[in-house]
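Single-structure report; data block below.
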Amino acid sequence: MDKTREKKIFYASLFLSGTPLEKKFFRAFFEPVNLENRLLEYAEEFNKLDTGLRIRMVSGGFQLVTESSLVEELRPHFGEKSDALGRASLETAAIIAYKQPVTRLEIDEIRGVNSSGTVKYLLDRNLVKVAGRKDVPGKPLLYVTTKHFLEYFGMNDLSEMPTFREWQELKQGGG
Amino acid sequence: MDKTREKKIFYASLFLSGTPLEKKFFRAFFEPVNLENRLLEYAEEFNKLDTGLRIRMVSGGFQLVTESSLVEELRPHFGEKSDALGRASLETAAIIAYKQPVTRLEIDEIRGVNSSGTVKYLLDRNLVKVAGRKDVPGKPLLYVTTKHFLEYFGMNDLSEMPTFREWQELKQGGG
Amino acid sequence: MSSELLDVSLENFEGPLDLLIHLIYKNELNIYDIPIAIITESFIAAVKRMEQLDIEVASDFINMASYLVYLKSRMLLPRDTFFEEELDPEEEKYLFTQKLVEYSFYKDVSAVLKKREEESSKFLMRADTVFIAKEQADTEDPFLLADSFFDLTTKERKTKMVVEKNIVDFKEVVARLKSLVIRKCRMFWSDIVKSCRSRKEVAVSLLAVLDLLKNKVADASQSENFGEIVIEKTEEKDG
């Protein structure tokens, strides 16, 4: 396949998907040698067209998104309908993110309240998922965060989560 | 708003939207004077970029689609390819398109066979819809074509279908 | 002609009108002036062929066959043998022709639609709207997670370690409540309690309120036993 065609298929795929596509998706039908470099090149080329659309790298893949400078105008028409996470959900998500894999009981202990509702809500929103069972009596389910979680919080991977030290520094700097 | 920004928002909106966007959608936040011309200009400009994505005019609006030449590579991954319509469905759809609003009995008479199955199928495929009842004994349902009908057949509006006169001239000229 | 009919099976035709059109073209007849006798013969032959092939012939086809026979006889019989209420045979034929022409039109339009369907299906699109995720508006960033998590975990540690001084700064609480009461003029004790993160903080807040009363920054009143306690800014009577 020539590069022009490959490039077009790359852009078209990102458009049709609407969600991030991993490199391995393209490996299935593009020449795999040096593929990542080519994809990065295509992405850069696309972004230079300055169409209001951008290809960004996210959670190990590529995603076609709108330029963030246009969000203000677009949000009234295309803003996510679901609310921002409430405090309970955010707390639960944070515990799962930092402690994963973690059981519901462990979450409950940290929060001091029952979290079954919020865990279910996070499962529904595809921010967390079940990843097996813990090898203790009762074999409770273990929860981990999803790819969408990374996307939602604008991270490439979990190593980008602020450490305790970073958080403290920020707190002191801000206060 | 300057034209560059307007153009970007136009492209970004088409990217985000899952359905064609009509001119009136943009009238709400763009300068309405001469808007259609500007949008057509933007669309043309975008198509010249030759990215594998195209803006097409369909069902009275603008829609971002992938280039038809890429369909073979893309379809296995993204084509939730709906079944092509059978002859009975196409005939029934054609009759509804020309005769709307029309009752099932009227369709049956033209086709010479019972069309209840195909009408139901077209309803399921969202190609036709019910638009009230005819004011005759029995108050039969009236059927009309949907916006999706236009999109499905790649038409901007129903006037793109051949007229009976055109067809007759062609027939008699050809015969 | 019967050999031409080998391809005739009911599934190939949408109905009797479809079969008629097929026969008209096959026999190179003029649709606008159909020789009824010929078409009737062909039609009946086709239906018989279907029966021979053991295909169940739908009643629509049988009805059409009998209608054609009727029409043919009407065309042959002398004019004055008709009943008054019946149509003139030429008019009857005209209506039949109209019906066929109309059907033929829709049949051709179906072919046009088929082509358009094929063309249009090559343009792929995304049927779901992409909604702008929250993070693009910077409403949800990882620090929000850090805040939630470390707030929880550090709070936990504090209550376990019980280093009273570190938990709630008395002076800070007094200052906060003082500025609140000055700004809002009036507040409820229950609201203050709700804003506290621990029982220690409630206790300190109570002391702080008492301090405000002592320093005449605020007055407190309770209309009934166990009722709501209202804390109000002291009115400045004499400076």
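The basis for the numbers below is simple: all heavy atoms, side chains too, and nothing from hydrogens, waters or symmetry mates. As the structure is a computational prediction, the values presented were derived from the model and not from experiment. Just so it is clear: chains get the letters A, B, ... in the order the sequence lines come, proteins before strands, and each one is counted from 1.
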Smallest heavy-atom separation, A:W167 atom then C:D151 atom, equals CZ2-OD1, 3.6 Å

For C:K178, the side chain to side chain contact (heavy atoms under 4.5 Å, CB included) test, sequence neighbours excluded, returns C:I182, C:L212, C:V217

Paired with C:F149, the side chain to side chain contact (heavy atoms under 4.5 Å, CB included) test is passed by just one of A:E91, A:M161, A:K99, namely A:K99

Expected contact set for residues 8-37 of chain A against chain C at heavy-atom separation under 4.5 Å reads A:F15, A:L16, A:S17, A:G18

All heavy atoms of A:F149 vs all of C:L145, minimum pair found to be CZ-CD1, 3.4 Å

Residues passing the side chain to side chain contact (heavy atoms under 4.5 Å, CB included) test with A:V119, sequence neighbours excluded, are A:T92, A:R104, A:I107, A:S115, A:L123, A:Y143

Value for CZ (A:F164) from OG1 (C:T153), rounded to nearest 0.5 Å, stands at 6.5 Å

Value for CZ (A:R165) from CZ (C:F150), rounded to nearest 0.5 Å, stands at 11.5 Å

Across all chains, not counting sequence neighbours, the side-chain hydrogen bond (donor to acceptor under 3.5 Å, both in side chains) partners of C:D219 are none

